[in-house]
> 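I have a structure here, written as structure tokens, and I will follow up with some questions on it.
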There are 2 protein chains.
Amino acid sequence: MIRTNTALLDYISGIRRDNREAISCYNFPEGTRIVEQQKRLSFVYIVKKGVAKCFLTEENGKDFIQEFFGEGEVFGEIEALNDKLSFCAVTALTDTEVYQIPRTDFLKLLDEDKVFNRFIMNAIAGKVRYKALRHAHNQLHAIEENVQRLQKQFPRLLEVIPKKDIANYLGVTLRSLNRVLSESGKEKF
Amino acid sequence: MIRTNTALLDYISGIRRDNREAISCYNFPEGTRIVEQQKRLSFVYIVKKGVAKCFLTEENGKDFIQEFFGEGEVFGEIEALNDKLSFCAVTALTDTEVYQIPRTDFLKLLDEDKVFNRFIMNAIAGKVRYKALRHAHNQLHAIEENVQRLQKQFPRLLEVIPKKDIANYLGVTLRSLNRVLSESGKEKF
DNA sequence: GAGATATCGGGACAAATGTCCTTTAGGATC
DNA sequence: GATCCTAAAGGACATTTGTCCCGATATCTC
């Protein structure tokens, strides 16, 4: 649910010690936007601290949350590779620090640093696997089971993430989420 | 919907001319199973000819179709990278020929052949992007709009793919799919 | 030809989910 | 204090989707 990749974070921190001019670090206060949807991206980002949400707004105004990015998660790498416009926006859910790598430097690193290459390859592969399992579950189960799965993965869910975001992550309305939460509570009595 | 990657297919065909011992080619008749779910995979596959379906069976017995693989699509690469069990099964929807690359040769190619590395990186990145857009749309629109989107992407849809598979791809029941198909037909009169 | 089996189509009803609307509460701003 | 946001909670109702049927049709097998 909140994805992390501490091995990648450690590695990029190490690279940065030798390469300070290429990799910069920025702070985004809670609620601010890090990446816009449908823009050309010049950078690849890696979360150093905090949690960001990555989401897509459809033409009907509804949002769908792709992932919550925690420490070490990379974003912008898909766009750097395929040279298309960003298909998601990213905003800081808490105060968030990110490493920012210019696209050309990122591609050069991929090409010249085999360890980095493998880290990124694994990160992207992880996204495929995660999405595959998540969406299969979401499509084949009722909201209640999907919520329970999230709570199991991440018990502090309701304390940390606004309910509207949880609903948007599950692809349901806030009303429906509230309903299953209160009803599954009742059943215990 | 039916994904293809002819550039990768051409490239792998070229590699195979110099490397015939590593990359073999097999034929799978319609309906046969190429990969099992929850198994350790020893190979990475690239579709040479035909269409295969990649799907996941949940513990409640329901299937969810992840992708239809057409020419040049690669599968098994996620498992080769992360060394986990397969999370999907793959069966031949039509008679299907595949190139089969032993896992160790695949990883060696990734490491030693920068062009191949980039092809695979782009292929996996493409899967992330495709899934992100697809699932956002599916979660935020009604079945009818989702079917229309598929028909627009792939007009011969209903002639080529069994309805049950289309329903499983959309994560809905066959009954619901039939309903929206017959009702959206009626509205035109 | 009789008996399996698979795909397709759809009726009737049940259950899940969405839409719309009202209320409450707290924080921010002027 | 008045006003404006935003998040949360939930009632009432409409719509969508699923479940459980039954029947038709085609193919394959013995």
Side-chain angles (χ1 to χ4, degrees), chain A residues 29-33 51 53 55 58-65 68 91-95 135-151 156-187 189, chain B residues 29-33 53 55 58 60-65 91-94 135-151 156-187 189:
Chain A
E30 178 179 336
T32 55
R33 194 161 279 233
V51 179
K53 73 170 171 178
F55 66 103
E58 286 278 319
E59 82 293 342
N60 59 13
K62 293 179 181 172
D63 287 348
F64 180 70
I65 295 184
F68 295 97
T91 67
L93 208 60
T94 66
D95 287 0
H135 290 118
H137 195 278
N138 275 234
Q139 294 281 6
L140 300 183
H141 296 82
I143 297 178
E144 181 169 353
E145 296 161 274
N146 292 329
V147 177
Q148 285 167 353
R149 178 164 173 268
L150 285 191
Q151 286 181 312
R156 292 179 55 229
L157 183 67
L158 291 163
E159 303 158 40
V160 178
I161 297 181
K163 281 201 170 176
K164 180 69 185 151
D165 285 337
I166 298 175
N168 285 345
Y169 180 83
L170 292 171
V172 302
T173 60
L174 181 55
R175 180 71 192 92
S176 300
L177 178 62
N178 271 328
R179 187 153 33 212
V180 302
L181 283 175
S182 65
E183 281 173 7
S184 68
K186 276 178 203 159
E187 281 166 22
F189 301 103
Chain B
E30 179 179 335
T32 55
R33 194 160 279 233
K53 73 169 172 179
F55 67 102
E58 286 280 319
N60 59 12
K62 292 180 181 173
D63 287 348
F64 181 70
I65 295 184
T91 65
L93 208 59
T94 66
H135 290 119
H137 195 279
N138 274 234
Q139 294 281 8
L140 300 183
H141 296 82
I143 297 178
E144 180 168 354
E145 296 160 273
N146 291 329
V147 178
Q148 285 166 354
R149 177 163 173 269
L150 285 190
Q151 285 181 312
R156 293 178 54 228
L157 183 67
L158 291 164
E159 303 158 40
V160 177
I161 297 181
K163 281 200 169 178
K164 181 69 185 150
D165 285 337
I166 297 175
N168 284 345
Y169 181 81
L170 292 171
V172 301
T173 60
L174 180 54
R175 181 70 192 93
S176 301
L177 179 61
N178 272 329
R179 185 152 36 210
V180 302
L181 283 174
S182 64
E183 280 171 9
S184 68
K186 278 178 201 161
E187 281 166 22
F189 301 103

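Note that the structure is predicted; figures quoted are calculated from it, not measured. By convention in this document, chain letters (A, B, ...) are assigned in the order of the sequence lines, proteins followed by strands, and residues within each chain are numbered from 1.
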> How long is the straight-line distance from OG1 of T91(B) back to CD of E30(B), given to the nearest 0.5 Å?
9.5 Å
> Does the D95(A) side chain pair with the main chain of P29(A), one donor and one acceptor, at a distance under 3.5 Å?
no
> Check step by step if side chain to side chain contact (heavy atoms under 4.5 Å, CB included) holds for N138(A) and H135(B).
CA-CA 10 Å; N138(A) 275 234; H135(B) 290 119; over 6 Å; no
> Between dA16(C) atom P and E145(A) atom CD, what is the distance in whole Å?
10 Å
> Between dA6(C) atom P and N168(B) atom CG, what is the distance in whole Å?
15 Å
> What are the two closest heavy atoms between Q151(A) and L157(A), and how far apart are they?
CG-CD2, 3.9 Å
> Can you measure E144(A) atom CD to dA15(C) atom C1' for me and round it to whole angstrom units?
13 Å
> Separation of H141(A) atom NE2 from dA16(C) atom C1', in whole Å?
15 Å
> May I ask you to verify whether the side chain of R179(A) and the base of dG18(C) hold a donor-acceptor pair under 3.5 Å?
yes
> Atom pairs, N/O to N/O, protein against nucleotides 25-30 of chain D, distance under 3.5 Å?
none

> Could you go step by step and tell me if D63(B) and K164(B) meet the side chain to side chain contact (heavy atoms under 4.5 Å, CB included) rule?
CA-CA 10 Å; D63(B) 287 348; K164(B) 181 69 185 150; over 6 Å; no
> Please tell me which of the listed nucleotides, dT19(D), dT19(C), dT17(C), lies nearest to the side chain of K62(A)?
dT19(C)
> Quick one: I166(B) CD1 to dG9(C) C1', roughly how many Å, whole number?
15 Å
> Only counting residues at least two apart or in another chain, list the ones meeting side-chain contact (heavy atoms from CB on, under 4.5 Å) with D165(A).
K53(A), I65(A), F68(A), L93(A), I161(A), P162(A)
> Going by atom type alone, with no hydrogens or angles, which donor-acceptor pairs under 3.5 Å involve a side-chain atom of residues 169-177 of chain B and a protein atom two or more places apart or on another chain?
residue, atom, partner, partner atom, Å
Y169(B), OH, Y130(B), OH, 2.7
T173(B), OG1, S176(B), N, 3.2
T173(B), OG1, S176(B), OG, 2.9

> In whole Å, I'd like the distance from the CG atom of L177(B) to the P atom of dG10(C).
12 Å
> The side chain of S176(B) is closest to which nucleotide in this list: dG10(D), dT19(D), dG18(D)?
dG18(D)
> Please report the C-alpha distance between V51(A) and V160(A) in whole Å, then the side-chain angles of each, then the deciding distance to 0.1 Å, and finally whether the side chain to side chain contact (heavy atoms under 4.5 Å, CB included) criterion is met.
CA-CA 10 Å; V51(A) 179; V160(A) 178; 5.8 Å; no
> Each nucleotide N or O in nucleotides 4-8 of chain D that has a protein N or O under 3.5 Å away: list the pair and distance.
residue, atom, partner, partner atom, Å
dA8(D), OP2, K163(A), N, 3.3

> Among dA12(D), dT17(C), dA12(C), find the nucleotide with the atom closest to the side chain of R175(A).
dA12(D)
> If you look at every heavy atom in F64(A) and Q139(B), which pair is closest and at what distance?
CE1-CG, 3.5 Å
> Whole angstrom is fine here: how far is it from CG in L140(A) over to C1' in dG18(D)?
13 Å
> Over its full length, what angle do the end axes of the helix from dG1(C)-dC30(D) to dC30(C)-dG1(D) make, each axis taken from five pairs and the result rounded to 10 degrees?
30°
> Please list, chain by chain and in numerical order, all residues satisfying side-chain contact (heavy atoms from CB on, under 4.5 Å) with E58(A), sequence neighbours excluded.
L56(A), N60(A), A136(B), H137(B), L140(B), H141(B)
> Flag the pair R179(B) / I143(B) as yes when at least one side-chain heavy-atom distance between them is below 4.5 Å, and no otherwise.
no
